[in-house]
Amino acid sequence: MPLQVHQFPCLSDNYGFLVRDEATGQAACIDTPDADAILRELKALGWTLTHILNTHWHPDHAGGNAAIKTATGCRVIGPAEVERIGTAPDRVVDDGDVVMLGQTRFDVINTGGHTLGHITFHDAAHGAAFVGDTLFALGCGRLFEGTPQQMWTSLQKLTALPDATTVYCAHEYTASNARFALSVDKGPVLKARADAIFAAREKGEWTVPTSIGLEKATNPFLRAPLLRPDIADPAEAFGAVRAAKDGFKG
Ligand code: ZN
Ligand code: FE
């Protein structure tokens with residue numbers, strides 16, 4: 001049975017995601033950027049929230065936990081670091097754990113780097129990954145807590161997923177990511193994708209979700225070793241591209 005995914009923009013550039021296991025009607029929100037928006041969308045859909053699944057502790061991902069839990073009585077599942085936002089998850093999960101939403105299985109993958117305890121929820125049966133702030137369309141999360149080596153290892157776990165995997169990123173950063181990508185990669189494949197992205201954003205269209213295959217072909221962070229052949233170590237090449245983005249004034 002399919003997993004329904006409802007995506008909606010909230011805050012200034014976040015996406016909210018509500019997912020529902022059709023077989024049982026159990027529903028979860030992936031992160032809680034905006035409690036009011038999430039509760040409003042739930043009401044419009046007529047879904048009953050049973051779970052919050054957090055990717056990391058940042059306020060635009062876990063800040064709505066308390067209000068949504070109070071309003072719905074749902075169960076909070078996430079990494080231990082979510083405690084930093086005020087209340088510990090009802091269930092702490094990390095790499096290798098399995099979270100069931102009705103009959104839908106999410107495998108938890110530790111994708112630390114943006115924050116140390118960041119996790120991804122991967123639904124292999126439906127080919128969907130909720131990656132929070134680890135991987136973006138043409139981008140990746142800033143290294144607020146982790147090292148380039150840790151983030152590179154995390155990104156390698158994501159690129160090991162099937163190319164057709166749908167990647168639900170938590171932010172619409174794609175146009176600015178594309179401007180940076182064009183500054184480090186002059187190839188025609190990226191150019192074509194960047195043109196399509198700029199056109200889509202002009203029309204107000206979303207560029208999320210993306211896919212593992214598309215990111216492997218064009219994302220400058222995943223392609224860092226190719227873009228920086230002067231650096232032998234892949235994680236160091238990644239670190240150099242990440243540092244260039246941090247200093248990029250596009
Ligand atoms: Zn974040
Ligand atoms: Fe975020």
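The structure presented is a predicted model; accordingly, all values stated were derived computationally and were not measured. Atoms within a ligand are numbered from 1 in the order they appear, just like the ligands themselves.
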Enquirer: For a distance under 2.8 Å, give residue and atom name for each protein N, O or S atom next to the Fe ion (ligand 2).
Expert: Asp60 OD2, His61 NE2, Asp133 OD2, His171 NE2
Enquirer: Are His171 and Tyr15 near enough that their ring centres are under 6.0 Å apart?
Expert: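 No, too far apart.
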Enquirer: For Thr134 and His118, does a side-chain donor sit closer than 3.5 Å to a side-chain acceptor?
Expert: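 Indeed, the side chains of Thr134 and His118 share at least one donor-acceptor pair under 3.5 Å.
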Enquirer: Can you pull out every salt bridge (Lys or Arg N to Asp or Glu O under 4.0 Å) where at least one residue sits in residues 1-30? Sequence neighbours excluded, please.
Expert: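 Not a single pair qualifies under salt bridge (Lys or Arg N to Asp or Glu O under 4.0 Å).
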Enquirer: For Asp97, give me all partners under side-chain hydrogen bond (donor to acceptor under 3.5 Å, both in side chains), at least two apart in sequence or on another chain.
Expert: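 Not a single residue meets the side-chain hydrogen bond (donor to acceptor under 3.5 Å, both in side chains) criterion with Asp97.
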Enquirer: Hey, does Phe8 have a side-chain heavy atom less than 4.5 Å from the side chain of Phe17?
Expert: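 They are not in contact (no side-chain heavy atoms under 4.5 Å apart), so the answer is no.
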Enquirer: Salt bridge or not between Asp133 and Arg142? Use side-chain N to carboxylate O under 4.0 Å.
Expert: no
Enquirer: Ring centroid separation for Phe130 and His122, is it under 6.0 angstrom?
Expert: no
Enquirer: Pair Asp123, Thr104 - check side-chain hydrogen bond (donor to acceptor under 3.5 Å, both in side chains), show working.
Expert: CA-CA 7 Å; Asp123 169 4; Thr104 298; 5.0 Å; no
Enquirer: Which atoms of the protein, restricted to N, O or S, are nearer than 2.8 Å to the Zn ion (ligand 1)?
Expert: His56 NE2, His58 ND1, His114 NE2, Asp133 OD2
Enquirer: If we count only N and O atoms by modelled type, under 3.5 Å, do the side chains of Asn14 and Asp34 hold a donor and an acceptor together?
Expert: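 The criterion, which ignores hydrogens and geometry beyond distance, is not satisfied for Asp34 and Asn14.
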